[in-house]
Protein chains: 2
Amino acid sequence: MDEAETILVADDHPVFRDGLGSLIQSQNPTAAVHTFDAFSDALALARSLPSPPSLFVLDLFFSRKSIKSELPALRREFRRAAIVVVTMSDDTATIDAVMAAGVNGFICKSAPPHQIAAAIAAVRAGEIVTPSPAAGRAPAGGMSTTLSERQLEVLQLIAQGKTNKEIAQDLGLSPFTVRLHVSAMFRSLGVTTRAAAVTKGVSEGIL
Amino acid sequence: MDEAETILVADDHPVFRDGLGSLIQSQNPTAAVHTFDAFSDALALARSLPSPPSLFVLDLFFSRKSIKSELPALRREFRRAAIVVVTMSDDTATIDAVMAAGVNGFICKSAPPHQIAAAIAAVRAGEIVTPSPAAGRAPAGGMSTTLSERQLEVLQLIAQGKTNKEIAQDLGLSPFTVRLHVSAMFRSLGVTTRAAAVTKGVSEGIL
DNA sequence: TGGCCACTAGCACGGTTGTACTAGTGGCGC
DNA sequence: GCGCCACTAGTACAACCGTGCTAGTGGCCA
């Protein structure tokens, strides 16, 4: 579906980290899953990647303070990535604080694997997942596909029902060029028609 | 884990209800999935069962008022059941009101099947799921457009990127007939392309 | 009974789409 | 410098799309 999709897992507990990594890898066979024992390492790789990762799964080695600084900063820097926090402490205050930072999911480490898997799948599908009570509104969407600027522009105009000719006029391009962007965008989304591209765009939260 | 597990689905929209029912059934092969076109019918069966259902999936045919009465009542009566609300209107106020009633999940009807499936799986695994605000807009007032059954079916298949020929095969029709449905549906929606039709369908909450 | 509507099926035609090629430019990292 | 990638522009072609016509069936309602 998306050739170079990257997922980053950071957790300082080796056993849990490896288990989590293989769980996610088996759930997303086509994705490149990288695991780290420190958040800073994951962040460093994320920044060095040609295209940003689609999913962060992070242990909460955040102090109370950095929940309010590092986490929102991560959210801002990787607007299009889904962020899931996995942690031991699942008290309401922590959940609220983390969700308020704009992450897409909060999972308790004590949860059984199938529960963690379901939660991650739901987040990757665009939902917001929290363990228990918490009406914590969360902004920003996670998306697992990356499009270039032009491709995104083209997709938005396609969603408006415009023809390639009209898109070319709108963007000040040749219709031939528009076609190439359309084809490339289709390949990125794994579709072959404009209609399917719109559906995909909506489900990915980019429309 | 679930020898006689029962799942109740209530939705007054036939096409969506059936799709939802088979989606859930395929996701939970061992469960007995019952579908209803009215909430009261589902409730009646739930009460008549020897053991309470494990999951309710309900369309939001609740008026604003009954969100604050029927829904919490259901929650109280079936404490151990998971309750998922599926609806057209996904404005923040409605989401807050429904979640405050103590349900386990809130899914927008405009969400693609895989997203709905993931959300239900997460809820069944014990999570709380709320929609990402990035997904389909559905301004209050319901859908302003009426499509015939065939037109809706055609639109749903178009959203999957199918060609007229493929749609004809799926529905057992002639490609010529499909074309007419497509054209009629376009007129109803006030669009001229498939891509725009999908966009319109999402914004109307019928996809 | 006649009118209306949804649904079915077909033909013809012009325009659009999507892909497969080539080919040049500018930016970025190694 | 070299490769890679996004972006630009073009040609050619097969397939598909959307609309305009005609025409028949069955249901519903006044």
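As the structure is a prediction and not an experimental result, all values here were calculated from the model.
Taking atom CD of B/E149 as the reference point, atom P of C/dC7 lies 8 Å away to the nearest angstrom. Protein atom CG of A/L152 is 14 Å distant from nucleotide atom P of D/dA6, rounded to whole Å. Put simply, CZ on A/F176 is 23 Å from P on D/dA6, counting in whole angstrom units. Here the P atom of nucleotide C/dT25 and the CG atom of A/L173 are 18 Å apart, to the nearest Å. To the nearest angstrom, C1' of D/dA9 lies 15 Å from CG of A/L171. Distance B/R150 CZ to D/dT25 P: 19 Å, rounded to the nearest Å.
For A/S148, no side-chain nitrogen or oxygen approaches OP1 or OP2 of D/dC5 to under 4.0 Å. In this structure, B/T177 reaches the C/dA9 phosphate: one of its side-chain N or O atoms is under 4.0 Å from OP1 or OP2. Regarding contacts with the backbone of C/dT8, a side-chain N or O of B/H181 is found under 4.0 angstrom from either OP1 or OP2.
To the nearest 0.5 angstrom, B/F56 atom CZ is 9.0 Å from B/F36 atom CZ.
Listed by chain and residue number, A/F78, A/T146 satisfy the side-chain contact (heavy atoms from CB on, under 4.5 Å) test with A/P52 (two or more places apart in sequence, or in another chain). Here B/R187 pairs with nothing under the side-chain hydrogen bond (donor to acceptor under 3.5 Å, both in side chains) rule; sequence neighbours left out. Taking the side-chain contact (heavy atoms from CB on, under 4.5 Å) definition, one finds that A/A118 meets it with B/A121, B/A122, B/A125, sequence neighbours left out. Applying the side-chain contact (heavy atoms from CB on, under 4.5 Å) criterion to A/E166, with sequence neighbours excluded, gives A/K162, A/T163. Qualifying side-chain contact (heavy atoms from CB on, under 4.5 Å) partners for A/A119, counting only residues two or more places apart in sequence or in other chains: A/I107, A/V129, B/E127.
Annotation: the terminal axes of the helix from C/dT1-D/dA30 to C/dC30-D/dG1 meet at 50°, where each axis is the rotation carrying the C1' atoms of four end pairs onto the next four (5 pairs per end, rounded to 10°).
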For this session: At under 4.0 Å between heavy atoms, which parts of nucleotides 15-21 of chain D does protein reach? Answer with one letter per nucleotide, 5' to 3': B base, S sugar-phosphate only, - none.
Result: -SBBB--
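Each salt bridge (Lys or Arg N to Asp or Glu O under 4.0 Å) pair with one or both residues in residues 40-54 of chain A, not counting sequence neighbours, appears once here: A/R47-A/E77.
Nucleic acid contact for B/Q151: none, since no nucleic acid atom lies under 4.0 Å from a heavy atom of the residue.
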Could you give the side-chain donor-acceptor pairs of residues 171-186 of chain B under 3.5 Å, partners two or more places apart or in another chain?
| from | atom 1 | to | atom 2 | distance (Å) |
| --- | --- | --- | --- | --- |
| B/S174 | OG | B/F176 | N | 3.0 |
| B/S183 | OG | B/R179 | O | 3.4 |

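With contacts defined as side-chain heavy-atom distances shorter than 4.5 Å, the pair B/L23/B/I116 qualifies.
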